[in-house]
Amino acid sequence: MLKVMLALVGVIPLVFISRGWHMVHVSFYALAGLFMLLGGVPYIFYQVSYFMGCDIISFGLILLSFWICGLMIMASQSVLKADYYPALFLFMVLFLMLMLYCTFSTQNLFLFYLFFEGSLIPTLFLILGWGYQPERVQAGMYLLFYTLLASLPLLVGVFYIYSGQGSLFFPFLLSDVGLNSSALMYVALIFAFLVKMPMFLVHLWLPKAHVEAPVSGSMILAGVLLKLGGYGLLRVFNLLTASGVKFNFVWVGISLVGGCLVSFICLRQTDLKALVAYSSVAHMGLVLGGLMTLNYWGVCGAFTLMLAHGLCSSGLFCLTNISYERLGSRSLVINSGLLNFMPSMALWWFLLSSANMAAPPTLNLLGEISLLNSMVAWSWVTMIGLGVLSFFSAAYTLYLFSYSQHGSLYGGLYATVGGYGREYLLLFLHWVPLNLLILKSESSLLWI
């Protein structure tokens with residue numbers, strides 16, 4: 001674990017040399033490959049030390065982080081072309097990757113909290129420094145205050161656990177030290193993760209942050225940072241099993257009803273980026289519902305859908321940005337009829353849209369089937385919410401695809417353009433893992 005972290009730190013000097021952009025880009029893929037090779041030897045990984053360790057959940061999410069950060073640099077060539085502080089941009093991406101790596105690999109609850117909050121800083125700089133509209137300052141404030149306000153009770157909860165148990169090492173934590181009797185402590189420990197996912201009712205920061213963020217900011221937000229919430233819940237629920245059995249029905253209800261309402265909101269969006277951002281809230285609502293059932297299928301399905309959503313949503317944000325760079329607008333009215341304007345991109349719109357609505361053979365389908373099983377086994381009543389959510393999930397994805405690709409072309413456009421080779425490669429690298437990982441679907445079941 002430490003050797004990969006030192007290799008990541010060793011990439012930082014490359015930021016400041018003249019050809020550093022491409023070298024940093026390639027080094028992310030090299031590190032992802034190194035990490036996969038190390039993962040082939042299971043006994044190296046788990047609980048390496050008091051500080052760092054890794055199990056199958058950490059392994060999958062660290063690999064996803066490396067992959068998405070490499071793709072972020074590939075998608076952000078406009079920063080390099082415009083010479084808009086490219087070295088500082090690369091440093092922010094590297095710093096963010098370092099924070100994410102430490103978050104997923106740490107074995108200590110307080111260090112997990114520290115790095116969990118630390119990932120907020122480079123994200124905020126990405127939005128404020130490379131965002132598009134002046135409203136990005138307001139979006140940054142939303143992001144900062146929503147997440148910081150919710151995470152302060154978590155810090156108090158961590159100190160309370162330490163005073164009761166004398167250790168914050170994950171394998172040593174017990175679930176019977178006064179935590180299960182306290183509803184207040186239960187809410188304090190999980191609320192930060194509910195906001196980060198985000199759960200419906202505390203999700204307003206996410207569409208704002210996505211709409212104002214550059215493409216790289218949107219990719220890392222949708223691809224990895226929303227997964228921090230699910231990962232934190234998986235770690236903390238070892239302590240809260242009895243409380244979870246009593247109170248979790250509240251969150252399952254909110255996530256299902258909220259997912260349906262957010263699907264309706266998606267159907268009346270006119271901004272491409274806002275539509276994809278709201279669809280993330282609906283998908284993460286499904287993940288949250290599965291996690292809160294506390295059963296085997298739910299946890300495995302949540303992990304699978306987190307990986308699938310990270311790749312799929314990031315790819316849709318890339319497509320949105322490709323259209324935005326050509327047309328100068330993200331409005332669905334101006335972006336209609338893209339099949340005539342960019343015919344070669346229509347295939348990628350179709351492939352990633354079908355993944356978003358969980359069509360076979362994507363990883364999304366596997367995750368959604370597992371979550372469906374877990375929630376119906378937990379309560380038959382959830383079938384109503386799940387049915388509505390699945391139907392409208394397909395409805396807003398079809399709305400996104402058909403409205404953007406078909407219809408009359410905007411009158412101000414008078415040419416047909418293709419994508420660059422870099423853009424096709426970028427979309428290909430999103431789509432291939434999304435469809436090939438289903439061949440290794442048993443890996444999400446190995447960790448229990």
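This is a predicted model, so every value here is computed, not measured.
Closest approach of K196 and S119 over heavy atoms only: NZ-OG, 4.4 Å. Pairing each heavy atom of L96 with each of I220, the nearest pair is CD2-CG1, 3.5 Å. The shortest heavy-atom contact between S58 and Y231 is OG-OH, 3.2 Å. The heavy-atom pair separating M345 from I322 by the smallest distance is CE-CD1, 4.0 Å. Annotation for L365 and P360: closest pair CD2-CB, 3.6 Å, computed over non-hydrogen atoms. Residue V262 comes nearest to A282 through the heavy atom pair CG1-N, 4.0 Å, listed as atom of the first residue, atom of the second, then distance.
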Practice item. Start with the C-alpha gap between W67 and Y29, add the side-chain angles, then the distance that decides, and say whether ring-ring contact (aromatic ring centres under 6.0 Å, His included) holds. Key: CA-CA 7 Å; W67 197 251; Y29 300 128; 5.4 Å; yes
Practice item. Please test V287 against L226 for side chain to side chain contact (heavy atoms under 4.5 Å, CB included), starting from the C-alpha separation and ending with a verdict. Key: CA-CA 11 Å; V287 168; L226 301 190; over 6 Å; no
Check your understanding: Between Y324 and Y132, does a ring-ring contact (aromatic ring centres under 6.0 Å, His included) hold up when you go through it step by step?
Key -> CA-CA 11 Å; Y324 177 68; Y132 298 123; 5.0 Å; yes
Practice item. Verify side chain to side chain contact (heavy atoms under 4.5 Å, CB included) between L307 and L61, making sure each step is shown before the conclusion. Key: CA-CA 7 Å; L307 291 183; L61 290 170; 4.1 Å; yes
Practice item. Step by step, work out the ring-ring contact (aromatic ring centres under 6.0 Å, His included) result for F110 and Y162. Key: CA-CA 9 Å; F110 178 71; Y162 185 70; 9.2 Å; no
Review point. Given M97 and V11, is the side chain to side chain contact (heavy atoms under 4.5 Å, CB included) satisfied, shown in steps?
Key: CA-CA 11 Å; M97 183 60 235; V11 174; over 6 Å; no
Practice item. Could you give me the CA-CA distance, side-chain angles and deciding distance for L154 and F193, then say whether side chain to side chain contact (heavy atoms under 4.5 Å, CB included) is met? Key: CA-CA 9 Å; L154 174 62; F193 304 125; 3.8 Å; yes
Point to revise | F59 and F35: CA distance, side-chain angles, deciding distance, ring-ring contact (aromatic ring centres under 6.0 Å, His included) verdict | key: CA-CA 8 Å; F59 179 73; F35 196 71; 5.2 Å; yes
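Put simply, NZ on K227 and CG on L305 are 8.5 Å apart, with the number rounded to the nearest 0.5 Å. How far OH of Y142 is from CG of L206: 13.0 Å, rounded to the nearest 0.5 Å. Residue T106 holds its OG1 atom at 9.5 Å from CZ of F169, rounded to the nearest 0.5 Å. Here F89 contributes atom CZ and L94 contributes atom CG; the two are 10.5 Å apart, rounded to the nearest 0.5 Å. Here the straight-line distance linking atom CD1 of I62 with atom OG of S105 works out to 5.0 Å at 0.5 Å rounding. Taking CE of M99 as the start and OG of S65 as the end, the distance is 13.0 Å to the nearest 0.5 Å.
Residues T397 and S279 fail the side-chain proximity criterion, which asks for heavy atoms closer than 4.5 Å. Proximity of L275 to T270: side-chain heavy atoms (C-beta onward) are nowhere separated by under 4.5 Å. A heavy-atom distance below 4.5 Å is not found between the side chains of L168 and Y113. Counting heavy atoms from C-beta outward, P122 and V93 have side chains that stay 4.5 Å or more apart. Here the side chains of V281 and I265 are not in contact, with every heavy-atom distance at 4.5 Å or above. With a 4.5 Å cut-off on side-chain heavy atoms, F170 and R235 count as touching. Within the 4.5 Å cutoff, the side chain of L400 has heavy atoms near those of the W349 side chain. Counting only heavy atoms from C-beta outward, the side chains of R330 and V211 approach each other to under 4.5 Å.
Under the ring-ring contact (aromatic ring centres under 6.0 Å, His included) test applied with Y399, the options Y396, Y403, F401 reduce to a single match, Y403.
With a 6.0 Å radius and a threshold of 12 heavy atoms from other residues, nucleotides or ligands, W297 has its CH2 atom at or below the threshold. Around CE of M23, the count of heavy atoms belonging to other residues, nucleotides or ligands within 6.0 Å does not exceed 12. Atom CG of L6 is surrounded by more than 12 heavy atoms from other residues, nucleotides or ligands within 6.0 Å. By the neighbour-count criterion of 12 heavy atoms within 6.0 Å, atom CG of L149 is sparsely surrounded, having that number or fewer from other residues, nucleotides or ligands.
Here the side chain of T362 pairs a donor or acceptor atom with the backbone of A359 at under 3.5 angstrom. In this structure, K208 contributes its side chain and R136 its backbone to no donor-acceptor pair below 3.5 Å. S390 contributes no side-chain N or O that, together with a main-chain N or O of G387, makes up a donor-acceptor pair within less than 3.5 Å. Side-chain atoms of Y424 come within 3.5 Å of backbone atoms of G419 as a donor-acceptor pair (strictly under, hydrogens ignored). Looking at H203, its side chain does come within 3.5 Å of a backbone N or O of L201 through a donor-acceptor pair. Distance alone, capped at 3.5 Å, places no donor-acceptor pair between the T320 side chain and the L272 backbone. When atom types are taken as modelled, the side chain of S76 and the backbone of I73 share no donor-acceptor pair closer than 3.5 angstrom. A donor-acceptor pair under 3.5 Å is formed between the side chain of S255 and the backbone N or O of V252. At distances below 3.5 Å, at least one donor-acceptor pair connects side-chain atoms of T293 with backbone N or O atoms of G290. Looking at H283, its side chain does come within 3.5 Å of a backbone N or O of N356 through a donor-acceptor pair.
Classified by interplanar angle (parallel below 30°, tilted 30° to 60°, perpendicular above 60°), the ring pair W348/W431 is perpendicular.
Checked by atom type, the side-chain pair N248/Y186 shows a donor-acceptor distance below 3.5 Å.
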